[in-house]
Amino acid sequence: MNLEEKLKSAVVEGIEKLYNQKPDEKRINFQKTSKDFEGDITIVVFPFTGISKKTPEQTANDIGNFLKENLAEVESFNVVKGFLNLVISSSFWIDFFNTASATEHFGFATPNSGKTIMVEYASPNTNKPLHLGHIRNILLGYSVAEILKANGHKVLKVQVINDRGIHICKSMLAWQKWGNGETPQTSGLKGDKLVGKYYVEFDKHYKSEIAELVAKGITKEDAEKQAPSMVEAQNMLLKWEAKDTDVYALWEMMNSWVYAGFDVTYNSLGVDFDKLYYESQTWLRGKDEVLKGLEQGIFYRKEGQSVWVDLTKEGLDEKVLLRSDGTAVYMTQDIGTAILRYHDFPDLNGIVYTVATEQDYHFKVLFLILQKLGFEWAKNCYHLSYGMVDLPSGKMKSREGTVVDADDLMEEMITTAKEISLEKGKGEDSAEAEELYRMIGMSALKYFILKVDPKKKMLFNPQESIDINGHTGPFIQYTHARIKSLLRRADSVSISEVNTSLSMLPKEKELIKLIYQFPATLKEAGDGYSPALLANYIYELAKEYNQFYHDFPVLKEEDKDKKNFRLQLTALTGKIIKDSLRLLGIQAPEKM
RNA sequence: GGUCCCAUAGCUCAGCUGGAUAGAGCACAGGUUUUCUAAACCUGCGGCCAUUGGUUCGAAUCCAAUUGGGAUCACCA
């Protein structure tokens, strides 16, 4: 039983004894005591004045007295208006501290003690390189997965690769016509960049063809359909669906280039996957499921043989699931993929889809359809919807070329980290130093993105993101490095359990209280799929530690017990920072 | 037009299920080094929490309307 639970049941008991009436447990809430008053935990007693029939002050005093007499942890209390401020005994805090220090990964739940959850993230198209938007997706998905693991769940990281469709054919066609056999090896380009180049190439030709046709007096709409490039691309798609050997071989070759390119980016980002789903392998399954639903009368046909689902009762629209020519739409594939996943992993307790907020409607519909099809598990599917990343210049538009390329961005971050280090006179010319610049640059980028509430859209200002002071990843890394440096110097000192009678300084107690909140914060971050909660927490912790570090000696403290205590406090803080950073996908250097 | 999301300091963001005088960082002005990493720490400056009404002991937080911004509503993906 933790402190809050103990307090809660004691408050219930106390109110019952004092006023002969049971209070509503939900109305008992605790909060941190404001800095302006003495105390650790505050109970708001306004809700109980109805029961006590006394003034808030008297009620608070009654309850305070009861708690003080009946709970060893409550050392004293004071009352300000309707606020009952409790002072928790320092022996409680030290006891807690000793246990936490002795725990391997303090705050983490026992591995595999919870549910099995699949987290989907990244899921790019294969015709364009990854950009800043993908970075937010990837960092979020990865971090959520790691946080869920830390909360004891078994997690499967997956992505679905959109490797099928007309867009791929466009790149293929352009490469065939104008590529002269160029490969990543001969061009020196990353595979995804090379394929992306031909996608752009296609678009260029396509547009000029349209312009030509329009000049001849054809409407724009018709021109878009008649343009020779488009007709050819569509033919290619038909050939692909018929598994034409040549087209298939080309498709496989170019996809392999893209995957190799993506892998490089994933590697730089430090993320991984347990399983990949390819749409080319799942799209047919979706068709089957839709046809089954049609037989069961869940869906219906419209004129022209297209298949639809009616969601008007749910306040949504009608949605097409199969075109009149029988081909699949996006939704069809997603239905198939979801069902396949539960087939692959029967013990799955939920799927988290990390997909941009633009698709809120799509996922609402998807989950509804799955429920209509009778899949109970659909209610455990969650759309982790994240906001767009805007630039100071406005929105990112791939068509307008205002996209921030993922690889370029990372490189720039690392270069800047190096420049700053050199400016500060901390640079040196070694492989080790290069690795450090990489860690710092990447942490600036990752923290900048992860500290923002996923649901909210965010502004990505390149200059601020590269910042290393203040509320940033490097600041937290620095705190960790500082801690490590201190501990290195202390390695000859034996660390032993702290005596509960030791008197703590306010700053030390503040640190312990903050550490006390770590498990709850980690749990909230998991339950709410929000790395931002964790990110903001470690910033607080790092800041609190830095203040402590600045004001009080650790190694130079002469009192042996105090020195031991401070060393352990330092060690525990360092462990929590390191563990938390890892959950955010950020490395914690030993030196900076 | 329907539906959904958002609005907090000059800028970027915190503020958990309603609780005490709304917090950080950046920017700006200044200060701290014979002592464990100054990528640190401290002080100052900065707010009608978009507006209006409601709910109640109590609202940045809940409800409604208004204004401004964004997303979405394809036999696209």
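Throughout, a chain's letter reflects where its sequence line sits, starting with A, and its residues are numbered from 1.
Judged by Watson-Crick or G-U wobble contacts below 3.5 Å, the nucleotide B:rU12 has B:rA24 as its partner. The pairing partner recorded for B:rA71 is B:rU3, the criterion being a Watson-Crick or G-U wobble arrangement whose two distances lie under 3.5 angstrom. Pairing for B:rU56 is absent, judged as Watson-Crick or G-U wobble with the two contacts each under 3.5 Å. B:rU34 is unpaired under the Watson-Crick or G-U wobble criterion, no partner having all donor-acceptor distances under 3.5 Å. A 3.5 Å limit on both hydrogen-bonding distances identifies B:rA29 as the Watson-Crick or G-U partner of B:rU43. Nucleotide B:rC48: unpaired (no Watson-Crick or G-U wobble partner with both distances less than 3.5 Å).
Between A:F37 and B:rA20, a base-stacking contact is recorded: ring centres under 5.5 Å apart, planes less than 30° from parallel. Under the stacking criterion of a centre-to-centre distance below 5.5 angstrom and an interplanar angle below 30°, A:F83 is not stacked against the six-membered ring of B:rG19.
The residue A:N162 sits close only to the backbone: its heavy atoms come under 4.0 Å of sugar-phosphate atoms, none of a base. Nucleic acid contact class of A:N461 (heavy atoms, under 4.0 Å, all strands): none. Counting any heavy atom pair closer than 4.0 Å across all strands shown, A:Y447 reaches no nucleic acid atom. Across all strands shown, A:D334 has no heavy atoms under 4.0 Å from either base or sugar-phosphate atoms. Among the heavy atoms of the strands lying under 4.0 Å from A:K591 is at least one base atom, whether or not backbone atoms are also near. Within 4.0 Å (heavy atoms only), A:T42 reaches at least one base atom of the nucleic acid. Contact annotation for A:V554: base contact, defined as any heavy-atom pair under 4.0 Å involving a base atom. Using a 4.0 Å heavy-atom distance criterion, A:E557 is classed as making no nucleic acid contact. The residue A:D551 sits apart from the nucleic acid: no heavy atom pair falls under 4.0 Å. Residue-level contact check: A:F475 touches the backbone only, with heavy atoms under 4.0 Å from sugar-phosphate atoms and none from bases. Among the protein residues, A:P553 comes within range of the nucleic acid bases, having at least one heavy atom under 4.0 Å from a base atom. Among the protein residues, A:I440 comes within range of the nucleic acid bases, having at least one heavy atom under 4.0 Å from a base atom. Here A:K426 lies in heavy-atom contact (under 4.0 Å) with a base. The residue A:V320 sits close only to the backbone: its heavy atoms come under 4.0 Å of sugar-phosphate atoms, none of a base.
Within the 4.0 Å cut-off from OP1 or OP2 of B:rA24, not a single side-chain nitrogen or oxygen of A:N536 is found. In this structure, A:Q547 reaches the B:rC42 phosphate: one of its side-chain N or O atoms is under 4.0 Å from OP1 or OP2. The phosphate of B:rU37 has OP1 or OP2 within less than 4.0 Å of a side-chain N or O from A:R489. OP1 or OP2 of B:rA14 has at least one side-chain nitrogen or oxygen of A:K456 nearer than 4.0 Å. Proximity of A:R323 to the phosphate of B:rA77: a side-chain N or O atom is located under 4.0 Å from OP1 or OP2. OP1 or OP2 of B:rA39 lies within a sub-4.0 Å distance of a side-chain N or O belonging to A:Y478. Residue A:R482 places at least one side-chain N or O under 4.0 Å from the OP1 or OP2 atom of B:rA38.
Note: CD (A:E540) to C1' (B:rG15) measures 11 Å, nearest angstrom. A straight line from CG of A:L321 to P of B:rC76 spans 13 Å, rounded to a whole angstrom. Here B:rA24 presents its C1' atom at 14 Å from CD of A:E464, a figure rounded to the nearest Å. Regarding A:D360, its CG atom lies at a distance of 20 Å from the P atom of B:rA77, rounded to whole Å. Distance NE2 (A:H471) to C1' (B:rC41): 18 Å, rounded to an integer number of Å.
A salt bridge does not link A:D551 with A:K507: every distance from a Lys NZ or Arg NE/NH1/NH2 to an Asp or Glu carboxylate oxygen is 4.0 Å or more. Between A:D559 and A:K563 there is no salt bridge, since none of the side-chain N atoms of the basic residue sits less than 4.0 Å from a carboxylate O of the acidic one.
Between the side chain of A:S485 and the base of B:rC36, no donor-acceptor pair under 3.5 Å is found. A:N85 contributes a side-chain N or O that forms a donor-acceptor pair with the base of B:rA20 under 3.5 Å. Contact annotation: side chain of A:T472 to base of B:rA39, donor-acceptor pair absent below 3.5 Å.
Donor-acceptor pairing under 3.5 Å is recorded for the side chains of A:T33 and A:T42. Looking at A:E318 and A:Y300, their side chains do bring a donor and an acceptor atom within 3.5 Å of each other.
B:rU43 sits 24 Å from B:rC48 when the P atoms are compared, rounded to a whole Å. Comparing the P positions of B:rA9 and B:rU61 gives an interatomic distance of 15 Å, to the nearest angstrom. Taking atom P on both B:rG23 and B:rA40, the two are 23 Å apart, rounded to the nearest angstrom. Look at the C1' atom in both B:rA59 and B:rU17: the space between them is 14 Å, to the nearest Å. A distance of about 50 Å separates the C1' atoms of B:rU34 and B:rG19, rounded to the whole Å.
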Query - Worked check of ring pair (Phe, Tyr, Trp, His ring centres under 6.0 Å) between A:F460 and A:F448 - result: CA-CA 8 Å; A:F460 188 86; A:F448 186 81; 5.5 Å; yes

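Taking the ring centroids of A:F548 and A:Y545, they lie under the 6.0 Å cut-off. The aromatic ring centroids of A:H383 and A:Y353 lie 6.0 Å or more from each other.
Under the side-chain contact (heavy atoms from CB on, under 4.5 Å) test applied with A:K418, the options A:L422, A:T416, A:T415 reduce to a single match, A:L422.
Annotation: cation-pi pair A:R301/A:W308 absent, no NZ/CZ under 6.0 Å from the ring centroid and within 45° of its normal.
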